Amino acid sequence: MAISPPPQRIWWNLPVARSEIIWVIVAFTWGLVMFSAMVYWHMEGEQNLSNEAYRITPEAFAEKTNAMVEQYQVREESGIPVVHPPPGSDVYLIARLWQWWPIIEFEKGQSYRLHLSSMDWLHGFSLQPVNINLEIHPGYDMVITVTPSESGEFGVICNEFCGIGHHNMIGKIYVTE
Amino acid sequence: MSDFNHRVCPATGLRIHKSAENLIKANAFVSIVFLAVGGLFGLLVALTRWPGVHLLPADWFYLALTAHGLDVLLVWIIFFEIAVMYFASAVLLNSRLATPRWAWAGFVLMIIGAATTNVAVLQGNSSVMFTSYVPMQAAPHFYLGLILFAVGALIGCFVFFGTLVVAKDEKTYKGSIPLVTFGAMVAAIIAVFTIASGAIVLIPTFLWSLGLIGNIDSLMYRTVWWAMGHSSQQINVAAHVSIWYMVAAVVLGARPLSEKVSRGAFLLYILFLQLASAHHLLADPGLSSEWKIFNTSYAMYLAVLGSMIHGMTVPGSIEAAQRARGFTSGLFGWLRNAPWGNPAFSAMFISLVTFGFLGGISGVVMGVEQINLIIHNTIYVPGHFHATVVLGTTLAFMAATYLLIPLIFQRELIMKKVAMWQPYLFGIGVTGISVFMMGAGTLGVPRRHWDISGADSMFKFDFPGAAYLMMGLNGMFAILATLGGIMFVVVVVGSLLFGKRTGDKPLEGLTMTTVAEFGDAEHPKIPGTIVLVGVFFVSFILYYFVNWKYLAEVWPLR
């Protein structure tokens, strides 16, 4: 029994049932398939993180964001600037207690280098209802090249707990045709 | 030095030493107290996340969620694991426990640590969640309590290792250690790695909270914290798989199909599980994809392979035992005629099936580097780990408790009917919790979030009605699970206080004699298990590719 020492002293030489051997081979092969799938998606799939990131201070990141807002602001909503940067450009989004800043307007089908960083604690970038979720650190400039494939108004929820105002930290991204 | 104060168990003939017995009782009892406290915090959390009820105010919600995670995920489980380790070493090896005084010192440290951290949380300025990610800061005694608790648990691990040495030295058993003891040893080895990682991350964080260290990097913290956080879940897996084997042995007299295969599968856990820190960092900046792919797959899924092997060998050993006793009709006659009225068996089997189908499959899928993008930090994540940690670990520990009451506490169960239904009610409740949280997560509902309606927010995002529906259903099933939890605590505590003393009577419902020898001339085949494993494998493949399809519909990212 499993609660007593193996009855045969030399248990490691006993034959193994065929059903067990087959299952071990099948499960191992499936593991190799799943492992290769991640590598394959980097070559053929369209949703991958480049893992491009830089060390940056919150002050430096805020400075870059301010410069972008000054250059590309088109209007304001509830005191938050809305920017419409040109396709292909570097776009900055600040996460801080408890706000996403500014509001960004993308054009559908165009690519942007989106930079994300936190001014204070950890935050979670959760683009809804698209459902893209990223961890946002202070001190790290995370760069993703994103190509919006649908137009409309999207919510940016914070999904990393960041204190008592966490649930009020909702931002916006627009995608125009 | 040695303690010859022992009794002989009437069921097993094993010598049970008083010192080991008392420590098993103390650790098991304290664990159940924390299960009750942490479980009730969980109910408050679920009722707050039920949009129609929204019970607690925001500050109390985040406090209750922090306490829930600490008390059940950490304190309940580790105390019980210490009891399992002492049982698997001293009792199963017929030995005295090494250095009972140290074991008591560890026990006291763990209690002081758990109490200190709980006090910090209840004082209200340490609602930093179980993970306590920096730079958010808790009160210093929050971290200090965790450190003391970990030191106590580490002492427990070394008492376990010491007992293995004592038993071998004093020749209390012949040949190799039993499979269950081997599994507990695997758990203890992973525990040492886990606690070392915890020390590396929590000691500097404690000093930082005192102002002695200026800055702690948030990415470094998450990387090392999860070397502790995920590895501690691997302790649980090794421990509850051992308990599956133990219950199958004690209740049905099942033998492992092959000692070699089952031990090999446990060994894969030691070799590869500690890479799993990466699961939590797939959506983080600053780590390469190569690192993420290698580590998140535990080096080509070799640890997953271990669990898939146990997924066949545990039910296979049960089928072999049942067929040997004459339940040979059809594919599933052995299963139909299993002792479903014995809560130890039903809890164990529900744990086995739900851990594999719900927890195992969802865990592998969300651990795929790219698929994690559509799951990270959504409520899918707690949906997954309630299937692994509550259905898998907690339910298996409940099954073990139903065996410990007659064997160690020497009491009969009271309220046998209540005990009989308890695993089903708890199992259905937690299955609902897992399924509906995972469902809401696929719709993007965030975890650790007080109000998804954004009522107080400057901007709003409207989640679909189905998300609200599923969060409501989650709350309803949490009530069922709580009822199941209360039944468990009442039956256990009631049995300890008022259960009839079993004395030297043989125990009903326990076989304790080997009935199946897989590999001999008349050994039974296991066709039913092969069908079950086939169904599992097909579900796994389908769910895996469905999620790649979901991912393919998301905005292109590079």
Side-chain angles (χ1 to χ4, degrees), chain A residues 1-6 9 11-12 14-17 19-20 23-24 27-28 31-32 34-35 38-39 41-42 45-51 53 78 121-122 124 126 128-135 137-138 140 142 144-149 155 157 159-161 163-164 167-168 170-172, chain B residues 58-59 92 129 133 135-136 173-176 178-180 218-219 245-246 249 255-261 283-289 293 297 300-301 304-305 308-309 312 368-370 373-374 376-377 444 446 448-451 454 456-459 461 514 526 530 551 554-558:
Chain A
M1 283 198 294
I3 55 167
S4 40
R9 244 197 118 93
W11 49 265
W12 53 88
L14 296 175
V16 175
S19 51
E20 272 189 287
W23 177 235
V24 171
F28 178 68
L32 291 182
M34 292 194 295
F35 181 75
M38 290 192 283
V39 180
W41 201 260
H42 271 281
E46 293 204 297
Q47 293 79 11
N48 287 292
L49 288 180
S50 65
N51 293 309
S78 314
W121 293 348
L122 285 179
S126 178
Q128 296 299 340
V130 185
N131 210 3
I132 292 174
N133 303 281
L134 302 166
E135 189 80 24
H137 288 257
Y140 291 85
M142 183 183 206
I144 56 169
T145 302
V146 61
T147 314
S149 53
I157 313 277
N159 70 2
E160 183 61 81
F161 174 66
I164 191 66
H167 45 273
N168 295 328
I170 303 178
K172 265 194 207 184
Chain B
D59 51 346
L92 291 186
M129 301 292 131
Y133 294 141
M136 188 186 289
Y173 64 99
K174 284 200 183 74
S176 306
L179 178 62
V180 172
S218 58
L219 185 59
Y245 282 112
M246 180 176 87
R255 265 199 75 213
L257 300 181
S258 156
E259 294 277 355
K260 181 162 51 178
V261 172
D284 284 49
L287 300 161
S288 72
S289 286
I293 290 177
S297 66
M300 295 187 262
Y301 294 100
V304 174
L305 175 65
M308 286 171 81
I309 292 171
M312 173 189 242
V368 172
E369 190 211 1
Q370 296 94 338
L373 280 171
I374 58 172
H376 179 72
N377 269 358
R448 297 173 165 178
H449 199 279
W450 179 64
D451 177 23
D456 301 335
S457 173
M458 190 187 319
F459 301 116
F461 172 75
T514 310
I526 51 166
I530 292 172
L551 176 74
V554 167
W555 294 2
L557 291 175
R558 271 179 286 124

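Just so we're clear, the structure is a prediction, and the values are computed from it rather than from any experiment. Order of the sequence lines fixes the chain letters, A, B, ..., with proteins taken first and strands second; residue numbering starts at 1 for each chain.
- Note on A:Leu32, A:Asn48, A:Ile144, A:Ile157: by heavy-atom pairs under 4.5 Å with chain B, the leading option is A:Asn48.
- Taking 4.5 Å as the limit, some side-chain heavy atom of A:Ile132 sits within range of a side-chain heavy atom of B:Val554.
- Your options are B:Lys174, B:Met458, B:Met246, and the one with the most heavy-atom pairs under 4.5 Å with chain A is B:Met458.
- With a threshold of 4.5 angstrom between heavy atoms, A:Phe161 approaches chain B through its backbone and through its side chain.
- Between the side chain of B:Asp284 and the backbone N or O of A:Glu135, no donor-acceptor pair lies under 3.5 Å.
- The most heavy-atom pairs under 4.5 Å with chain B, out of A:Gly163, A:Pro138, A:Gly155, A:Pro5, come from A:Pro5.
- The side-chain heavy atoms of A:Thr147 and B:Trp555, taken from C-beta on, include no pair separated by under 4.5 Å.
- Only the backbone of B:Ser288 has a heavy atom closer than 4.5 Å to any heavy atom of chain A.
- Both the backbone and the side chain of B:Tyr245 come within contact range of chain A, judged by heavy atoms closer than 4.5 Å.
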Where do A:Val24 and B:Ile309 land on the side-chain contact (heavy atoms from CB on, under 4.5 Å) test, with the steps shown first? CA-CA 6 Å; A:Val24 171; B:Ile309 292 171; 3.9 Å; yes

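- Of the residues considered (B:Ile374, B:Asp59, B:Leu92), B:Ile374 shows the highest number of contacts with chain A, using heavy-atom pairs under 4.5 Å.
- If you tally non-hydrogen atom pairs under 4.5 Å between each of A:Lys172, A:Glu160, A:Arg9 and chain B, the highest count goes to A:Glu160.
- For the pair A:Ala2 and B:Ala249, the tightest heavy-atom approach, listed with the atom from each and the gap, is N-CB, 3.9 Å.
- Counting heavy-atom pairs closer than 4.5 Å to chain A, the top residue among B:Gly286, B:Ser176, B:Pro446, B:Ala58 is B:Ser176.
- Only the side chain of B:Ile530 comes within contact range of chain A, with heavy atoms under 4.5 Å apart.
- For the atom pair CG of B:Leu257 and CG of A:Leu14, the computed distance is 12.5 Å after rounding to the nearest 0.5 Å.
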Applying side-chain contact (heavy atoms from CB on, under 4.5 Å), run through A:Asn131 and B:Leu373 and close with a yes or a no. CA-CA 8 Å; A:Asn131 210 3; B:Leu373 280 171; over 6 Å; no

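- Chosen from B:Gly175, B:Pro178, B:Ser289, the residue pairing most often with chain A at heavy-atom distances under 4.5 Å is B:Pro178.
- At a threshold of 4.5 Å between non-hydrogen side-chain atoms, the residues A:Pro129 and B:Phe461 count as touching.
- Taking CG from A:Leu122 and CG from B:Asn377, the interatomic distance works out to 9.5 Å, rounded to the nearest 0.5 Å.
- Ranked by heavy-atom pairs under 4.5 Å with chain B, the list A:Ala27, A:Gly45, A:Pro148, A:Ser78 is led by A:Pro148.
- How far CG of A:Asn159 is from NE2 of B:His449: 8.0 Å, rounded to the nearest 0.5 Å.
- Here CH2 of A:Trp12 is found 11.0 Å from CD of B:Glu259. Values are rounded to the nearest 0.5 Å.
- Looking at every heavy atom in both residues, A:His42 comes nearest to B:Ile293 through CD2-CD1, 3.7 Å.
- A distance of 11.5 Å separates CD of A:Gln47 from CZ of B:Arg558, quoted to the nearest 0.5 Å.
- Nearest heavy atom pair, residue B:Tyr301 against residue A:Phe35, reads CE1-N, 3.5 Å.
- Side-chain atoms of A:Ser19 and B:Met312, non-hydrogen and from C-beta on, do get closer than 4.5 Å to each other.
- Under the 3.5 Å distance criterion, the side-chain polar atoms of A:Trp121 are left unmatched by any main-chain donor or acceptor of B:Tyr133.
- A:Asn168 approaches B:Ser457 most closely through the heavy-atom pair O-OG, 3.0 Å.
- Note on B:Leu305, B:Val368, B:Asp451: by heavy-atom pairs under 4.5 Å with chain A, the leading option is B:Leu305.
- The most heavy-atom pairs under 4.5 Å with chain B, out of A:Tyr140, A:Trp41, A:Phe28, come from A:Trp41.
- Taking both residues in full, the closest heavy atoms of A:Met38 and B:Ser297 are given as CE-CB, 3.9 Å, listed atom of the first, atom of the second, then distance.
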